[in-house]
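Structure first, commentary second.
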Amino acid sequence: DAGITQSPRHKVTETGTPVTLRCHQTENHRYMYWYRQDPGHGLRLIHYSYGVKDTDKGEVSDGYSVSRSKTEDFLLTLESATSSQTSVYFCAISPSGSFQETQYFGPGTRLLVL
Amino acid sequence: KQEVTQIPAALSVPEGENLVLNCSFTDSAIYNLQWFRQDPGKGLTSLLLIQSSQREQTSGRLNASLDKSSGRSTLYIAASQPGDSATYLCAVSGNQFYFGTGTSLTVIP
């Protein structure tokens, strides 16, 4: 398995509070991605990073920000959590980038916003 | 915008049966199509990747086909086993990955 960990694995929070999810990789892969998975929608891309301090928006980026200060870490922040952000969040990595190759996924973080 | 559809949403079969999972997509301008497996509470594991220039890929009991012009892919699982029980997702890549909602497969011993 690719060396990808996510923390926390489970979190319950209240509406309006900030939340940060962490993705950590040991593979030294350039590209990292954040997805959310919701019933009826499949996985949708939130943000991705193509290098340290280089990030871009995905399909559902509103309400989320990201940061990547080190190759191995990619943080996803919900500035002010809302109930619509209740979801399972997955981090993924790919070796040299682009969407022409496979991605390796972390175990996911289950977030509940009350 | 690319739309990816997987039918059926759920499938239950007896052990040993051969089965086919379906995936369709609306935009044929893709780099590749992948099939993933997802076990409950876990991440996705890539099973097969078919480049847009290819027609099929095989791995063990799994065979995936791609007909880009018609926007269809199938995943064929031969001699199904209880350990094959999982959700199977297909994803196509263009300017990003677009995922289907998956087919939940149960193989009954």
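Throughout, a chain's letter reflects where its sequence line sits, starting with A, and its residues are numbered from 1. Keep in mind the model is a prediction, meaning the values are calculated, not measured.
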Can you measure from OG1 (B:T45) to OH (A:Y104) and round to the nearest 0.5 angstrom?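 Answer rounded to 0.5 Å: 11.0 Å.
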Can you tell if the side chain of [X] reaches within under 4.5 Å of the side chain of [Y], non-hydrogen atoms only?
X	Y	answer
B:F97	A:Y35	yes
A:F90	B:Q38	yes
B:T101	A:Q37	no
A:T102	B:N32	no
A:Q103	B:Q34	no

Does anything in residues 49-75 of chain B get under 4.5 Å of chain A by heavy atoms, and if so which residues?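 Expected list: B:L49, B:Q51.
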Are [X] and [Y] joined in one hydrophobic group, where the rule is that I, L, V, M, F, W and Y side chains link up if heavy atoms are under 4.5 Å apart?
X	Y	value
A:V88	B:F99	yes
A:V66	A:L78	yes
B:L89	B:L19	no
A:I4	A:L76	yes
B:L44	B:L33	no

Around atom NZ of B:K1, are there more than 12 heavy atoms of other residues, nucleotides or ligands at under 6.0 Å?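 Counting other residues, nucleotides and ligands, NZ of B:K1 exceeds 12 neighbours.
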Summary of side-chain hydrogen bond (donor to acceptor under 3.5 Å, both in side chains) pairs that have at least one residue in residues 5-19 of chain B, sequence neighbours excluded: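 Sorted pair list: B:N18-B:Y76.
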Using a 4.5 angstrom heavy-atom cutoff, name the option from A:H41, A:E59, A:R44, A:R110 with the most pairs to chain B.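 Most heavy-atom pairs within the cutoff with chain B belong to A:E59.
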Which salt bridge (charged side-chain N to carboxylate O under 4.0 Å, His left out) pairs, counting each pair once, include a residue from residues 18-46 of chain B, with sequence neighbours left out?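 Pairs touching residues 18-46 of chain B that pass the test: B:R37-B:D39.
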Other members of the hydrophobic cluster containing A:V12, with the 4.5 Å side-chain heavy-atom rule, please.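 When side chains under 4.5 Å apart are linked, the cluster holding A:V12 also contains A:L112, A:L114.
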